[in-house]
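Computation of the quantities below employed the complete heavy-atom set of this structure, encompassing side-chain atoms and omitting hydrogens, waters and symmetry-equivalent molecules. Lettering of chains follows the sequences in order, A, B, ..., and the numbering in each one begins at 1.
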Protein chains: 2
Amino acid sequence: MRSTDLPQVRELQLFETTSGPNFEELMQAAYLQTFPAQLTLIHEGDPADFLYVVVEGKVELFASSNGREATMAVVQPFGTFILAAVLKDAVYLMSARTTERSKLLLVPSEDIRKAFEKDDAFARAIVGELASCYRGVVKDQKDIKLRTSVERLANRLIRYDKDQGKTGSLELPYDKRTLASLLGMTPENLSRAFNTLKPYGVEVEGSKVHLNDMKSLLILAKPNHLIDDRKT
Amino acid sequence: MRSTDLPQVRELQLFETTSGPNFEELMQAAYLQTFPAQLTLIHEGDPADFLYVVVEGKVELFASSNGREATMAVVQPFGTFILAAVLKDAVYLMSARTTERSKLLLVPSEDIRKAFEKDDAFARAIVGELASCYRGVVKDQKDIKLRTSVERLANRLIRYDKDQGKTGSLELPYDKRTLASLLGMTPENLSRAFNTLKPYGVEVEGSKVHLNDMKSLLILAKPNHLIDDRKT
DNA sequence: TGAATGGTTTGATTTGCATCAAGTCTTCTA
DNA sequence: TAGAAGACTTGATGCAAATCAAACCATTCA
């Protein structure tokens, strides 16, 4: 790994408290690599050889079973994926592919497990990350089990708006097919859900969305911070 | 906590590698308590004051939002619940109630976080437990997203049979209303799903289920170890 | 032990959403 | 730049599952 890349990596939450020598050792073994869009990085069922950290771009985690496929998550900077498999030295439960050109940090699992044992600050950062991943999946599960597809879309749009500065205008972060699959519906139904939200002030132009009546949208969406807040 | 209870607790995976003095200190602060059936232990949104470990009995984790409620998991011995909230000093994302009379170990969150910092073996056990919890929820999410309700029931029955010794006769571990909600369906639909499985050799007598034609049941269920195996 | 209560099953109907198909729009490529 | 390919929308239809209601069964209680 090139030394010019080190400061960027050092700023990642996962590594910023790690002691100097341990960080050096991890970075000796790691790779910072740029991958093109639509590249499958890992396959579910394979042994977990590396921990991946998204530095730039986006990575879709998806699962397959009996001819069916579903998007499980989309990881953005500076999230990790497959951390639990690395820590348990187990197989991946999901496959991963880039949705766009992406820069990823790959750290060998063995080195992650070693650093976990050696460096208390790193161990704490790892546990914080893993706990956040867990809580994120629990919230996704609540979203699916407790809301209709229209409600899920409405809350997702509100969240994207919030992430993008609360201007009422937002850019969908990935293509609609992936968004539909992530929300547990078909692309056709996503299209229909957008139409259902029209009377609530939602205007769609390709990947741009305008939320023109936040008040009524909130009444329909009924956000719940225990589902929608991704900071805690 | 009574000293006669210590050996039972010491055998829990979470504690068995913890050093003697650290274990003593944790147990000074902990409670081993028996609770009656149908008692709500924690409410979603509340701060996480204790880590809970199921020693005997069963605990249902459930979530509510906008007048709807769904069972998220049923924790059996010797699982923990709410570990991530404890580690992050965050709020509970789910409520919990006993499904039957249960003996639970309650350890104050502060003490868990302290021991995590002091005791490497304990930290490793905690991370192992958290990683397992995470992987369990990912598998549940895959179950919901990739399977029909009948398939989910079939695979769940196969799993219970396996857990109960592969005799082809099993006891449902909790009432059917809870099972239905856990599988993401209504009680009515659960009843219908059982009827759908009749031609595949599934016979139901109250809480007892007989799997009389495992071959054809497996063909319908199409188990996938990346969803159904709860050991890794 | 009979009545009350709660859990479950069954039937009828409705609803949310998937599937199939075709049309429209956008992007890519030779 | 025109045609091809892919993404998305729209329409029609079907289906899985929820909802509502009533009947039946099992358990609890006085």
Side-chain angles (χ1 to χ4, degrees), chain A residues 36-38 60 65-71 74 97 99-101 143-157 171-199 202-209 220-221, chain B residues 36-38 58 60 65-71 74 97 99-101 143-157 171-198 202-209 220-221:
Chain A
Q38 308 305 327
E60 177 197 3
S65 195
N66 302 310
R68 295 179 203 131
E69 182 180 296
T71 302
V74 178
R97 64 190 161 216
T99 65
E100 60 192 61
R101 186 182 155 87
D143 201 34
I144 290 273
K145 280 193 155 190
L146 294 170
R147 285 174 171 160
T148 63
S149 48
V150 170
E151 286 167 346
R152 295 201 290 279
L153 175 60
N155 278 288
R156 186 66 65 147
L157 294 177
E171 185 84 28
L172 294 179
Y174 28 82
D175 65 287
K176 284 179 187 174
R177 298 173 59 85
T178 303
L179 177 60
S181 187
L182 180 61
L183 294 177
M185 67 181 88
T186 59
E188 292 98 326
N189 214 51
L190 176 67
S191 194
R192 291 190 175 93
F194 271 121
N195 282 337
T196 302
L197 293 182
K198 236 188 225 156
V202 176
E203 229 177 72
V204 189
E205 294 165 27
S207 60
K208 288 191 203 316
V209 182
L220 174 130
Chain B
Q38 307 306 326
K58 288 183 184 55
E60 176 197 3
S65 195
N66 302 311
R68 295 177 204 135
E69 181 179 298
T71 301
V74 177
R97 65 190 160 213
T99 66
E100 61 192 58
R101 187 180 153 87
D143 202 33
I144 290 273
K145 281 193 154 190
L146 294 170
R147 286 174 171 160
T148 64
S149 50
V150 171
E151 286 167 345
R152 295 201 289 283
L153 176 60
N155 279 287
R156 185 68 62 147
L157 294 177
E171 185 85 26
L172 295 178
Y174 27 81
D175 65 287
K176 285 178 185 168
R177 299 175 57 85
T178 302
L179 177 60
S181 186
L182 181 62
L183 293 178
M185 68 182 87
T186 60
E188 292 99 325
N189 213 49
L190 177 67
S191 194
R192 291 189 176 95
F194 271 121
N195 282 337
T196 303
L197 293 181
K198 234 186 230 161
V202 177
E203 229 178 71
V204 189
E205 294 166 26
S207 60
K208 287 192 205 316
V209 181
L220 174 132

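Separating the CD atom of Glu205(A) from the C1' atom of dA7(D) is a distance of 17 Å, rounded to the nearest angstrom. Between Lys145(A) atom NZ and dA17(D) atom P there is a gap of 14 Å when expressed in whole angstrom units. Regarding Lys176(B), its NZ atom lies at a distance of 15 Å from the C1' atom of dT27(D), rounded to whole Å. Distance Arg177(A) CZ to dA18(C) P: 14 Å, rounded to the nearest Å. Atom CZ in Arg192(B) sits roughly 11 Å away from atom C1' in dC20(D) (whole-Å rounding). In this entry the distance linking NZ of Lys198(B) with C1' of dT9(C) reads 10 Å, nearest Å. We find that CE of Met185(A) is positioned 15 Å from C1' of dT9(D), with the value rounded to whole Å. The distance from atom CG of Leu190(B) to atom C1' of dT19(D) is 16 Å, rounded to the nearest whole Å.
The two residues Ala193(B) and Leu153(B) have their closest heavy-atom pair at CB-CD2, 3.7 Å.
Side-chain atoms of Ser181(A) come within 3.5 Å of backbone N or O of Thr71(A) as a donor-acceptor pair. Of the possible polar contacts, one joining the Asn155(B) side chain to the Glu151(B) backbone as a donor-acceptor pair under 3.5 Å is found.
For Asp175(B), counting side-chain heavy atoms from C-beta on, the closest listed nucleotide (dT9(D), dA18(C), dT8(C)) is dT8(C). Closest to the side chain of Asn195(A), from the set dC8(D), dA21(D), dT10(D), is dT10(D).
Proximity of Thr186(A) to the phosphate of dC17(C): no side-chain N or O atom is located under 4.0 Å from OP1 or OP2. In terms of phosphate contacts, Ser149(A) brings a side-chain nitrogen or oxygen within less than 4.0 Å of OP1 or OP2 of dC17(C).
Defined by atom type and a distance below 3.5 Å, a donor-acceptor pair is missing between the side-chain atoms of Asn189(A) and Thr186(A).
Put simply, the side chain of Glu188(A) and the base of dC20(C) share a donor and an acceptor less than 3.5 Å apart.
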